[in-house]
There are 2 protein chains.
Amino acid sequence: MKRKKVDRQSLRTRQMLADSLMNLLFEKSYASITIQEILDRANVGRSTFYSHFYDKEDLLVSSLGHVFEVLNQQLISGIDEKSILPSLGLFQHVEQHYKLYKAFVRGNCVDLLLEKAKDFLYIMVEERFSSLDLDPHIPEIPISVLMTYVVNTLITLLKWWLDHEMPYSAKRMDDIFQRLVSPQLPPSYFG
Amino acid sequence: MKRKKVDRQSLRTRQMLADSLMNLLFEKSYASITIQEILDRANVGRSTFYSHFYDKEDLLVSSLGHVFEVLNQQLISGIDEKSILPSLGLFQHVEQHYKLYKAFVRGNCVDLLLEKAKDFLYIMVEERFSSLDLDPHIPEIPISVLMTYVVNTLITLLKWWLDHEMPYSAKRMDDIFQRLVSPQLPPSYFG
DNA sequence: TTGATAATGAACATATTGTTCATTATTAAA
DNA sequence: TTTAATAATGAACAATATGTTCATTATCAA
């Protein structure tokens, strides 16, 4: 008599809505997309939408959630002790999911995406920094500023990459990131 | 028979609307502010609003315009040949207009403001870089990336400063900026 | 087959936007 | 002070989007 908590139909509907939103992002800006358009393209009823999501942004964030889970796995498995962030893994992940990230660029809502990514990265950086146990009195640059700087530099490079049709490889982008950021990091503090 | 193109009443109305928006930004997010609320607080009729501005963002940008003119003057007069950007002038400007910039932070629309500032700074950096006539083959970091990096680092510091209730002086912030960015700039390329 | 869950669609209330227009108020210049 | 040009007003209006409700139908797991 009981059923699984989430059955196929429900998942299918969510998938249709997510796809519909992504398709629309290729054509017009996120802000200008109405819920009705999403419904029409997904062939889903209005009331169905509201039984799944709170609003338009909820759908977007939910669609994102899945991608972030993949990203998380990819980053955790590719952690390199020597670097302050698994930046190469991040660039490779974006390279692999090019189409999806491009949709966000075209829909003028990369910032929303990158904002989530930023929170994500900030936590990672924080862990790395605390495990390195830096003496906060050495540099004239406060740790809090430094962490923000590192994360934002990575995000800036990502955005530049996407905005410029990704002319370089993930490896090359990571190399640029390392070069920009390394003078400010531990080796130079201690050496 | 003819009058000045803009008379007092008109300016007063615009001022009232701008003030009203700024006050509301202290209380709630930009996105959640309706035009009606702005009108009520400014004691201005609905049709009057639309004879002055195209929409809510138009009002915001217009209010900004004035501040940017002041900023421009301040930056131009304080240009230092040795630095890549008049960053100190920018930090000082924000310090002086603290209340206004704080409103943007509280209203969750600093990004809109910083986006405009970014365009503004990008033009300046571009001029500086082209006058320095860097050999594009020396660094592994493309000039385009480098310029984006410099501007975004400055913006990141600004945002951090505002988000953290501006704990340091403008001078100190500028010092941090110089330290972060200088390893990537000409002297280190040539030396 | 059946009982639980999901989807549907149409109707509804509500909110916000942007326009129109006749009337009134303000202002610069004669 | 008068006058002609410009601005402001407010109420009504159409248009659009949002979010809810509910009775009916479809789907799926057991």
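Lettering of chains follows the sequences in order, A, B, ..., and the numbering in each one begins at 1.
Note: CG (B/Asn43) to P (C/dA25) measures 17 Å, nearest angstrom. One atom, CD1 of B/Ile33, and another, P of C/dT17, lie 11 Å apart when rounded to the nearest Å. If you take CZ of B/Arg14 and P of D/dA7, they are 10 Å apart, rounded to a whole angstrom. Across the protein-nucleic acid pair, A/Phe49 atom CZ and D/dA17 atom C1' stand 13 Å apart, rounded to whole Å. Between A/Gln15 atom CD and C/dA6 atom P the separation is 17 Å, expressed in whole Å. Here D/dG19 presents its P atom at 10 Å from NZ of A/Lys56, a figure rounded to the nearest Å. Rounded to whole angstrom, the span from the CD atom of B/Glu37 across to the P atom of C/dT16 amounts to 8 Å. When the P atom of D/dT27 is taken as reference, atom CG of A/Leu11 falls 17 Å away, rounded to whole Å.
Side-chain atoms of B/Arg12 lie closest to C/dT27 of the nucleotides C/dT27, D/dC28, D/dT18. Distance from the side chain of B/Tyr50 is smallest for C/dT17 among the nucleotides C/dT17, C/dT27, D/dT9. In the set C/dA6, C/dT17, D/dC22, the nucleotide with an atom closest to the side chain of A/Ser47 is D/dC22. In this structure, of C/dT8, C/dA6, D/dT9, it is D/dT9 that holds the atom nearest to the side chain of B/Val44. Checking C/dA10, C/dG18, D/dC28 against the side-chain heavy atoms of A/Gln9 singles out D/dC28 as nearest. Closest to the side chain of B/Ile35, out of C/dT17, C/dA6, D/dT18, is C/dT17. When each of D/dG19, D/dC28, C/dA7 is scored by its nearest atom to the side-chain atoms of A/Asp55, the top-ranked nucleotide is D/dG19.
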Review item, nucleotides 12-14 of chain D N/O atoms under 3.5 Å of protein N/O:
none

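Taking only side-chain nitrogens and oxygens, A/Thr48 comes nearer than 4.0 Å to OP1 or OP2 of C/dT8. Distances shorter than 4.0 Å separate none of the side-chain N or O atoms of A/His52 from OP1 or OP2 on C/dA6. Taking only side-chain nitrogens and oxygens, A/Ser51 never comes nearer than 4.0 Å to OP1 or OP2 of C/dA6.
The side-chain heavy atoms of B/Lys99 and B/Phe26, taken from C-beta on, include a pair separated by under 4.5 Å. Side-chain contact check for B/Pro183 versus A/Gln184: some heavy-atom pair is nearer than 4.5 Å. Residues A/Gln74 and A/Gln96 form a side-chain contact, since some pair of their non-hydrogen atoms from C-beta on lies under 4.5 Å apart. Two residues are said to be in side-chain contact when any heavy atoms from C-beta on lie closer than 4.5 Å; A/Thr34 and A/Ile38 fail this criterion.
Between the side chains of A/Ser29 and A/Ser32, at least one donor-acceptor pair of N or O atoms lies under 3.5 Å.
Remark: A/Asp175 does not engage A/Lys171 in a salt bridge, criterion side-chain N to carboxylate O under 4.0 Å.
Taking the six-membered ring where the residue is Trp, the centroids of B/His93 and B/Tyr101 are separated by under 6.0 Å. If you look at B/Phe91 and B/Trp161, their ring centroids are closer than 6.0 Å.
Residue A/Thr34 is in sugar-phosphate contact alone, with no base atom involved, counting any heavy-atom pair closer than 4.0 Å across all strands shown.
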